[in-house]
Amino acid sequence: MARILITSAIPYINGIKHLGNLVGSQLPADLYARYMRARDHEVLFLCATDEHGTPAELAAAKAGMPVADYCAEMHEVQTRLSDGFRLSFDKFGRSSSPQNHLLTQHFAGKLAENGLISEVSEKQMYSNADGRFLPDRYIEGTCPNCGYDRARGDQCENCTKQLDPTDLIEPRSAISGSTDLEVRETKHLYLKQRSLRGQLSEWIDSKTDWPVLTTSIARKWLNDGDGLQDRGITRDLDWGIPVKKGAEDWPGMEGKVFYVWFDAPIEYIACAKEWSDARGAPDAEWERWWRTDKGADDVRYVQFMGKDNVPFHTLSFPATIIGSGEPWKLVDYIKSFNYLNYDGGQFSTSQGRGVFMDQALSILPADYWRWWLLSHAPENSDAEFTWENFQASVNKDLADVLGNFVSRVTKFCRSKFGEEVPSGGDWGAEEDALIARLSEGVARYEAAMEAIEVRKAAGELRAIWVAGNEYLQSAAPWSVFKDDPDRAAAQVRLALNLIRVYAVLSAPFIPDAAGSMLSAMNTLDTDWPSDMRAALTALPPGHAFTVPEVLFKKIADEEREDWQTGFAGQR
RNA sequence: GGGCCUGUAGCUCAAUUGGUUAGAGCAGAGCGCUCAUAACGCUUUGGUUGGGGGUUCGAGUCCCUCCGGGCCUACCA
């Protein structure tokens, strides 16, 4: 039994996430966690909300709420939606937790002790009207290069020229529109990533099995231009983790907080402590997952994230861990994803374009979304959601291939043998062939899951479902029954057992439907079918079952059209 | 501008990393079955692998070039 630590990139707090966010980290992480648990491995699956930073403050202000209240409320909302999608986190924590405060300050203290923090005085734009320093992209003005009047302080969207906020002509606050801006001197802490470049580079080079997407982004940052740069890890904000050196105050840093990208990954660790604290368990509980000196040396740590998060997970966070000089667990495998587009464009939180988690669940059960999203996961390139494709895939795969299999088998049995597993008859060559085929299919499915090849795993699972229909078609118990009811009984007995096997195999993708299948088959036996022949006898003759409701109702053309138009506009 | 990824059947994707005749699913066509959610099964149509050039006994795969799409570029997170 292996021990597997799984984290999903933590979703930002300012609003409800769309399906692109979901499929880029949380959903595949959940698939992997469920699979590994099903294989009897010990799993700790962690996620949290990422609550600090300027956008959170602005969103709270817009909602007319104190930022702490806003975050608490949005955390509840996101928790409900995670539950709705059946994301099986062992703990869904908060980056604003007391645990993360202490741990983030602890890491900063260690890094300072080890000479990896420098204090840098710099000039930043301050908005008097807004009463805050403004990040570059929150300053708008006219581009000195092309004259576009809504250029941002970091880059002009029109001519793509890189800008400095001070380059802008007539700069104004993107928040209030105020032009009452001034340049102020402010002091910040920088993490001296340069001095860790060699170690990080060596570490990345050792990861030969990582997705190209992951390593190429890391190498780019390591080697581009002058190489890896030091990074500011503090900000002039009210909401965040106060800058401290461990438990001590940090002279000159009063009123400042850590940069959200410094404290967010540390929350992966703090979240484990939130998990054990919530149960009143001792620190040893979470430390055996994170401290290699306290039992975590045999843990395999896998991270899931969208490609935009890769630099922080391959460089910044490892720099924090390595730089601490303490025996924290480093990530073993990073699974990164491209983006999911929506009907010819991008999903957009700010523009409300696409399908959001709450809307998705209000239309259809989680399994529909889970299946489509995972079987179309953007692993090798960006993928695209269209309503037509969604309807066709879900109807065919879930309703026709899997759902109808369950339906035809249970209903046939009920009409000929009653609602119990029939006795009599023996298996022959046809059943041997099916068992061999299923065993091979399961082996391929397992291999894809171990390698976290999500689409491939979905394809293999589907092929296993298809094998059941092919068997029924050629065995044709409805014909055999007329002359040889015992033989038909043996066929149906196998088919009923196949439903249980399908439930177990499919549960990581479609947990609710798997649950319905198991309860219809009146069994709690979720043993993995490592021995297919034995697995297909788990439900013995005489075992009672019930014919379930339709597992997956098909999506009608009308519904699809309604949603298509309904979601075309803005949220 | 620079870097990386990507372009394969009408659609969504494969192709053991240079090795026979480029494969699946969906959609389309035909046949079969009648247990089942008008479901299932079998057969089948469909490709100058974005264009052009090159290397090689051999190129979807490597090189050059052109065209298209995407991402990143360090103060959004």
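As a basis for the values below, the full set of heavy atoms in this structure was taken, side chains included, without hydrogen atoms, waters or symmetry mates. Just so it is clear: chains get the letters A, B, ... in the order the sequence lines come, proteins before strands, and each one is counted from 1.
Listed pair A:Arg408 / B:A39 fails the phosphate criterion, with no side-chain N or O lying under 4.0 Å from OP1 or OP2. Proximity of A:Arg137 to the phosphate of B:C76: a side-chain N or O atom is located under 4.0 Å from OP1 or OP2.
With a cut-off of 3.5 Å on both Watson-Crick or G-U wobble distances, the partner of B:C4 is given as B:G70. Applying the Watson-Crick and G-U wobble criteria (two distances, each under 3.5 Å), B:G28 pairs with B:U44. With both pairing distances under 3.5 Å, B:C33 is matched to nothing as a Watson-Crick or G-U wobble pair. Within the shown strands, nothing qualifies as a pairing partner of B:A22 under the Watson-Crick or G-U definition with both distances less than 3.5 Å.
Of all nucleotides listed (B:A77, B:C26, B:A36), B:C26 comes nearest to the side chain of A:Ala392. In this structure, the nucleotide among B:A27, B:C72, B:A36 sitting nearest to the side chain of A:Lys396 is B:A27. Among B:G41, B:U37, B:G2, the nucleotide with an atom closest to any side-chain atom of A:Leu551 is B:U37. Nearest nucleotide to the A:Asp308 side chain, out of B:A77, B:C26, B:C40: B:A77. Minimum atom distance to the side chain of A:Trp221 is reached by B:C72, of the listed B:C11, B:G70, B:C72. Ranking B:C76, B:U37, B:C40 by closeness to the A:Lys554 side chain, first place goes to B:U37. Ranking B:G70, B:U37, B:C72 by closeness to the A:Val550 side chain, first place goes to B:U37. Of all nucleotides listed (B:G41, B:G70, B:C26), B:G41 comes nearest to the side chain of A:Asn469. Comparing B:C76, B:U37, B:A77 against the side chain of A:Tyr138 picks out B:C76 as the nearest. When distances run from any side-chain atom of A:Ser479 to the nucleotides B:U34, B:G3, B:C76, the shortest one goes to B:U34.
If you measure from atom CG of A:Leu237 to atom P of B:A77, you get 8 Å, rounded to the nearest angstrom. One can place CZ of A:Phe337 at 14 Å from P of B:C13, the figure rounded to the nearest angstrom. Going from atom CD of A:Glu470 over to atom P of B:G41 covers 6 Å, rounded to whole Å. Regarding A:Ile233, its CD1 atom lies at a distance of 19 Å from the P atom of B:A74, rounded to whole Å. Following rounding to the nearest Å, A:Lys456 (NZ) and B:A24 (C1') show an atom-to-atom distance of 13 Å. Between the CH2 atom of A:Trp372 and the P atom of B:C11 there is a distance of 16 Å, given to the nearest Å. Between the P atom of B:A74 and the CD atom of A:Glu122 lies a distance of 15 Å, rounded to the nearest Å. Rounding to whole angstrom units, CH2 of residue A:Trp478 and P of B:A36 are separated by 10 Å.
Separating the C1' atom of B:G28 from that of B:G18 is a span of 36 Å, rounded to the nearest Å. Taking atom P on both nucleotides, B:A9 is separated from B:U55 by 28 Å, rounded to a whole Å. Using P as the reference atom, B:U48 and B:C31 are 29 Å apart when rounded to the nearest Å. One P atom belongs to B:G32, the other to B:G10, and the distance between them is 29 Å to the nearest Å. Taking atom P in both B:U65 and B:U44, the straight-line distance is 44 Å, to the nearest Å. Separating the C1' atom of B:G3 from that of B:U17 is a span of 23 Å, rounded to the nearest Å. For the C1' atoms, the distance from B:A14 to B:G25 is 10 Å, rounded to whole Å. Only the P atoms considered, B:G51 is 13 Å distant from B:G7, to the nearest whole Å.
Among the heavy atoms of the strands lying under 4.0 Å from A:Ala383 are primed sugar atoms or P, OP1, OP2 only; no base atom is included. Contacts of A:Arg462 with the nucleic acid, taken as non-hydrogen atoms under 4.0 Å apart, involve only primed sugar atoms and P, OP1 or OP2. Nucleic acid contact for A:Gly306: none, since no nucleic acid atom lies under 4.0 Å from a heavy atom of the residue. Counting non-hydrogen atoms under 4.0 angstrom, A:Tyr339 reaches the backbone sugars and phosphates but no base. Here A:Phe552 lies in heavy-atom contact (under 4.0 Å) with a base. Among the atoms of the strands shown, only primed sugar atoms or phosphate atoms (P, OP1, OP2) are found under 4.0 Å from some heavy atom of A:Gly53. Residue contacts for A:Val310: at a heavy-atom cut-off of 4.0 Å it reaches no nucleic acid atom on any strand shown.
Comparing A:Ala264 and A:Leu222 by the nucleotide of RNA chain B that holds the closest heavy atom to each, the one mapping nearer the 5' end is A:Leu222. Along RNA chain B, the nucleotide closest to A:Ser216 and the one closest to A:Lys411 are compared, and the more 5′ of them pairs with A:Ser216.
Stacking here means ring centres nearer than 5.5 Å and ring planes tilted less than 30 degrees, and by that measure A:Phe412 does not stack onto B:C35.
Below 30°, between 30° and 60°, or above 60°: for A:His18 and A:Phe356 the angle between ring planes is above 60°, a perpendicular geometry. By the 30° and 60° cut-offs, the orientation of the rings of A:Phe385 relative to A:Trp387 is perpendicular. Using cut-offs of 30° and 60° for the angle between ring planes, the A:Phe390 and A:Trp372 rings count as perpendicular. A tilted orientation is assigned to the rings of A:Phe405 and A:Tyr502, their planes being inclined by 30° to 60°.
Under a 3.5 Å cut-off, the side chain of A:Asn100 and the backbone N or O of A:Ser96 do not form any donor-acceptor pair.
Of the options A:His188, A:Glu185, A:Lys187, a side chain to side chain donor-acceptor pair (under 3.5 Å) to A:Ser121 is made by A:Glu185 and by none of the others. Only one option out of A:Phe509, A:Trp371, A:Tyr445 pairs with A:Trp465 in a ring pair (Phe, Tyr, Trp, His ring centres under 6.0 Å); it is A:Trp371.
In this model, no side-chain donor or acceptor of A:Asn404 finds a partner on the base of B:A39 within 3.5 Å.
In textbook terms, a nucleotide whose glycosidic angle is within 90° of 0 is syn, while B:U20, being further out, is anti.
Residues A:Asp205 and A:Arg219 form a side-chain contact, since some pair of their non-hydrogen atoms from C-beta on lies under 4.5 Å apart.
Judged by the 6.0 Å distance and 45° axis criteria, A:Lys335 is positioned over the aromatic ring of A:Phe337.
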